Q: 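Structure in structure tokens, see below.
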There are 2 protein chains.
Amino acid sequence: MSKQPEDCAPLARDPLSAAQAGELAALFKALADPVRLRLLSLIASQAGGEVCVCHLTDAFELSGPTISHHLKVLREAGLITGERRGTWVYYRVRAEVLGRLSAVLVPAEVPA
Amino acid sequence: MSKQPEDCAPLARDPLSAAQAGELAALFKALADPVRLRLLSLIASQAGGEVCVCHLTDAFELSGPTISHHLKVLREAGLITGERRGTWVYYRVRAEVLGRLSAVLVPAEVPA
DNA sequence: CGGTTGCTTCGACATACATCTATCTTGACA
DNA sequence: TGTCAAGATAGATGTATGTCGAAGCAACCG
């Protein structure tokens, strides 16, 4: 997991630097898969904020290793965190990161 | 360019359906490249809202065909539109699509 | 009409990625 | 300690993707 970028200025305000674009692209790449989006949504929309992996594997017709792979991609991108408690592993979303991405995509305000 | 999805509910509100996830993933895939993010940012941040392709090719150390390819990806994703006027082609961003993506990523409000 | 310039399309190639099966690690429990 | 279950890792494989050079189209200009 790379360090968290600080940029919050919307895409539409100023042209992105190459470094900013690289960091953002890594985050969007993690989101660029239907399974990962559904995983993220399942975790984010859960009351209590966390979900056991066993609940996630049940929600897809995919092998365990494939789910594990997608969770790793989300984790290494910094979008989620995982914690082992006893036998099970629980994941939760990093709301700050999600919020930063949302802010970056806000379109330019149209001047009246 | 596929049809525009109507979904606006944040990822963190309800779990995404497979169809929603597929449409969103296609959009995020278009954003999952540093060059395309910089292109989009260059177009979106331009006063007047549109940019000539010649100005975009000058901003990168990449071949013309490569820039053209990335613009096509953004165009087919529905994130930008291109219009030819005389010799030059001008691109502008579709702010609605950008705004919809931003809304989807808004994190869940934390109950007090 | 021929030439030049702006941009796109085509074909090729190297790399990255999603998925699987098989194997490993970690913890619980007898 | 041995065994079982939950996840993660490793390796293999087919497909997708970023990049380029060459060629094609479209519009302007002698």
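Being a predicted model, the structure only gives us computed values, none of them experimental.
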Q: To the nearest Å, give me how far apart CD (B:Glu83) and C1' (C:dT8) are.
A: 17 Å
Q: Could you state the CG-C1' distance from A:Leu39 to D:dG7, rounded to the nearest angstrom?
A: 14 Å
Q: Between A:Gly86 and A:Glu61, which has a closest nucleotide on DNA chain C that is more 5'?
A: A:Glu61
Q: Could you state the CZ-P distance from B:Arg85 to C:dC7, rounded to the nearest angstrom?
A: 12 Å
Q: Round to a whole Å and report the spacing from CG of B:Leu71 to C1' of C:dC7.
A: 10 Å
Q: Just how far, in rounded Å, is P of C:dC20 from CZ of A:Phe60?
A: 12 Å
Q: I'd like to know if B:Val97 and B:Val106 are part of one continuous hydrophobic network [Ile/Leu/Val/Met/Phe/Trp/Tyr, side-chain heavy atoms within less than 4.5 Å].
A: no
Q: Over how many whole Å does the gap from A:Ile67 atom CD1 to C:dT19 atom C1' extend?
A: 11 Å
Q: Looking at A:Ile80, is its backbone amide N or carbonyl O close enough to the side chain of A:Arg94 to form a donor-acceptor pair, meaning the two atoms are under 3.5 Å apart?
A: no
Q: Answer yes or no: does a side-chain N or O of B:Tyr91 lie under 4.0 Å from OP1 or OP2 of C:dT8?
A: yes
Q: Test of understanding: clusters of I, L, V, M, F, W, Y form through side-chain heavy atoms closer than 4.5 Å, transitively. Do B:Leu74 and B:Val51 belong to the same one?
A: yes
Q: Decide, yes or no, whether a salt bridge links A:Arg100 with A:Glu23 under the criterion of side-chain N to carboxylate O below 4.0 Å.
A: no
Q: Please report the C-alpha distance between B:Tyr91 and B:Arg75 in whole Å, then the side-chain angles of each, then the deciding distance to 0.1 Å, and finally whether the side chain to side chain donor-acceptor pair (under 3.5 Å) criterion is met.
A: CA-CA 9 Å; B:Tyr91 278 97; B:Arg75 186 167 11 104; 3.2 Å; yes
Q: Which parts of nucleotides 9-19 of chain D does protein reach within less than 4.0 Å, heavy atoms only, written one letter per nucleotide 5' to 3' as B for base, S for sugar-phosphate only and - for none?
A: B-------SSB
Q: Starting from C1' on C:dA18, measure out to CZ on A:Arg38 and report it in whole angstrom.
A: 16 Å
Q: With hydrophobic residues grouped by side-chain heavy-atom distances under 4.5 Å, do A:Leu71 and A:Val73 end up in a single group?
A: no
Q: Let me know the distance between OH of B:Tyr90 and P of C:dC7, rounded to the nearest Å.
A: 8 Å
